[in-house]
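Note on naming: letters A, B, ... go to the chains in the order of the sequence lines (proteins, then strands), and numbering restarts at 1 for each one.
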Protein chains: 2
Amino acid sequence: MELIYHNKTKSHYSRTEQMDTLSFTPHDHSACIADAVRTAEQTCRESGLRLTAQRKRVLEILLSGHRAMGAYDILDILKEEGQTAQPPIAYRALDFLVQHGFAHKVERLNAFIACAHPGEDHAPAFLICSDCRRVAETPSAPARALLAEAAAEAGFRIDTAVIEAVGQCPDCAEPAA
Amino acid sequence: MELIYHNKTKSHYSRTEQMDTLSFTPHDHSACIADAVRTAEQTCRESGLRLTAQRKRVLEILLSGHRAMGAYDILDILKEEGQTAQPPIAYRALDFLVQHGFAHKVERLNAFIACAHPGEDHAPAFLICSDCRRVAETPSAPARALLAEAAAEAGFRIDTAVIEAVGQCPDCAEPAA
DNA sequence: GCTCCGACTGTTATAATATAACTTGGAGGC
DNA sequence: GCCTCCAAGTTATATTATAACAGTCGGAGC
Ligand SMILES: [Zn+2]
Ligand SMILES: [Zn+2]
Ligand SMILES: [Zn+2]
Ligand SMILES: [Zn+2]
């Protein structure tokens with residue numbers, strides 16, 4: 001399979017803006033997990049936050065695949081690991097992770113994913129594959145700028161914006177060959 | 001496609017694209033309701049759809065304010081009107097209205113609004129006022145185009161996209177003067 | 001008119017997602 | 001040691017959504 005997506009027109013996305021959508025790209029995933037955990041640990045150390053065992057474990061669970069997971073999916077895993085695990089356990093850990101940028105909530109799915117670019121201060125759009133449930137982050141600054149423009153014309157001041165696309169990822173879009 | 005999104009002065013939104021965000025604009029709201037109901041009736045007549053009494057009543061309830069309402073908010077109103085009204089009553093009517101473009105689901109709120117531009121074949125972005133809970137539709141075609149471009153670079157084909165902004169509407173943004 | 005069919009409605013039950021409220025525990029500062 | 005604070009544990013409940021099946025109604029065709 002040889003797909004080339006850059007051949008048509010000039011990109012609006014500069015090199016430095018290129019946030020690779022690695023969920024859909026083969027990569028060393030155990031390194032990917034280790035990196036994310038290390039980044040979270042370091043960020044917390046620097047900011048005086050407490051990445052407790054529970055929070056770290058929930059982050060690791062989210063990181064195990066680049067898929068959105070419901071709070072109760074996470075709870076089930078914690079239970080299998082021997083915890084008693086009532087809902088607030090999962091929701092509190094998720095709140096912490098989302099609050100501090102280590103995870104995101106996918107509104108369309110009422111579910112959560114580990115952030116693929118922790119520490120980068122980004123406001124991603126999500127690409128949600130309806131076939132395999134994988135979710136990737138993609139840059140959204142240009143789209144957000146246009147949205148802000150449209151909002152401004154209505155006198156509306158945007159605090160946050162949710163941008164989530166549903167469709168087929170590269171793997172699932174291939175004809176069933 | 002030639003878009004320059006850093007240009008402050010020139011609008012990317014043509015006159016004909018101007019979907020006035022009337023939720024935030026004073027207007028003859030009873031005419032607004034009547035128009036929407038009439039449009040729905042006509043569209044259904046033309047398309048062989050059945051705008052039953054339940055569906056019409058739910059549409060009217062949604063139209064009563066330019067706010068997002070939960071399915072159970074609607075159920076409560078139906079109950080006050082003497083119906084027995086179990087959840088599927090509301091969800092079925094909402095499914096129909098959303099399916100055929102007479103209403104939208106606001107993912108961020110898990111709630112529904114009447115479409116402000118029925119029959120226009122549009123894919124709006126929503127502007128959600130966090131203070132007064134009013135919701136307006138605004139054009140999103142330019143932002144969607146950029147999102148599609150970013151997705152294409154990842155080999156992702158978009159079927160649908162949710163674009164929802166939370167912030168302050170013109171009325172609520174005014175300093176408490 | 002009658003019948004059949006398909007779509008809508010009524011009803012019961014339950015699933016899935018999320019939070020409130022209060023108690024217990026534990027690390028660190030003083 | 002003791003206090004404070006925040007996290008974790010626990011119970012209960014709120015909110016959002018769907019499954020499943022039984023009744024009803026209206027129009028198409030005969
Ligand atoms: Zn990975
Ligand atoms: Zn996929
Ligand atoms: Zn109106
Ligand atoms: Zn407002």
Does [X] have a side-chain nitrogen or oxygen under 4.0 Å from the phosphate oxygens OP1 or OP2 of [N]?
X	N	answer
A/Lys105	C/dA18	yes
A/Asn110	C/dA16	no
A/Gln54	D/dG9	yes

What is the distance from [atom1] of [X] to [atom2] of [N], rounded to the nearest Å?
X	N	atom1	atom2	answer
A/Arg57	D/dA7	CZ	C1'	19 Å
B/Ile74	D/dA17	CD1	C1'	13 Å
A/Phe96	D/dA8	CZ	P	9 Å
B/His100	C/dC8	NE2	C1'	13 Å
A/Ile89	D/dG9	CD1	P	4 Å
B/Asp95	D/dT18	CG	P	7 Å
A/Arg92	C/dT17	CZ	P	19 Å
A/Leu49	D/dC6	CG	P	12 Å

>> By a 5.5 angstrom centroid cut-off and a 30 degree plane limit, is there stacking between B/Tyr72 and D/dT15?
In response: no
> Aromatic rings A/His100 and A/Phe96: how do their planes relate, parallel, tilted or perpendicular, breaks at 30° and 60°?
Replying inline: tilted
>> If hydrophobic clusters are built from ILVMFWY residues whose side chains come within less than 4.5 Å, do A/Leu49 and A/Val37 share one?
In response: yes
> Which one, C/dT19, D/dA17, D/dA19, comes nearest to the side chain of A/Tyr91?
Replying inline: C/dT19
> Base, sugar-phosphate alone, or nothing: which one does B/Arg55 contact when heavy atoms must sit under 4.0 Å apart?
Replying inline: sugar-phosphate
>> Checking side chain to side chain donor-acceptor pair (under 3.5 Å) between A/Gln42 and each of A/Arg45, A/Glu46, A/Arg38, which is the one that passes?
In response: A/Glu46
>> As a quick check of understanding, evaluate side-chain contact (heavy atoms from CB on, under 4.5 Å) for B/Phe112 and B/Leu97, giving each step before the final call.
In response: CA-CA 10 Å; B/Phe112 302 83; B/Leu97 296 172; over 6 Å; no
> Any salt bridge between B/Arg57 and B/Glu60, counting N to O under 4.0 Å?
Replying inline: yes
>> Quick check: on DNA chain C, is the nucleotide nearest B/Ala53 upstream (toward 5') of the one nearest B/Gln86, or the reverse? Name the residue that is more 5'.
In response: B/Ala53
>> Looking at B/Arg50 and D/dG26, is any side-chain donor or acceptor paired with a base atom of the opposite kind under 3.5 Å?
In response: no
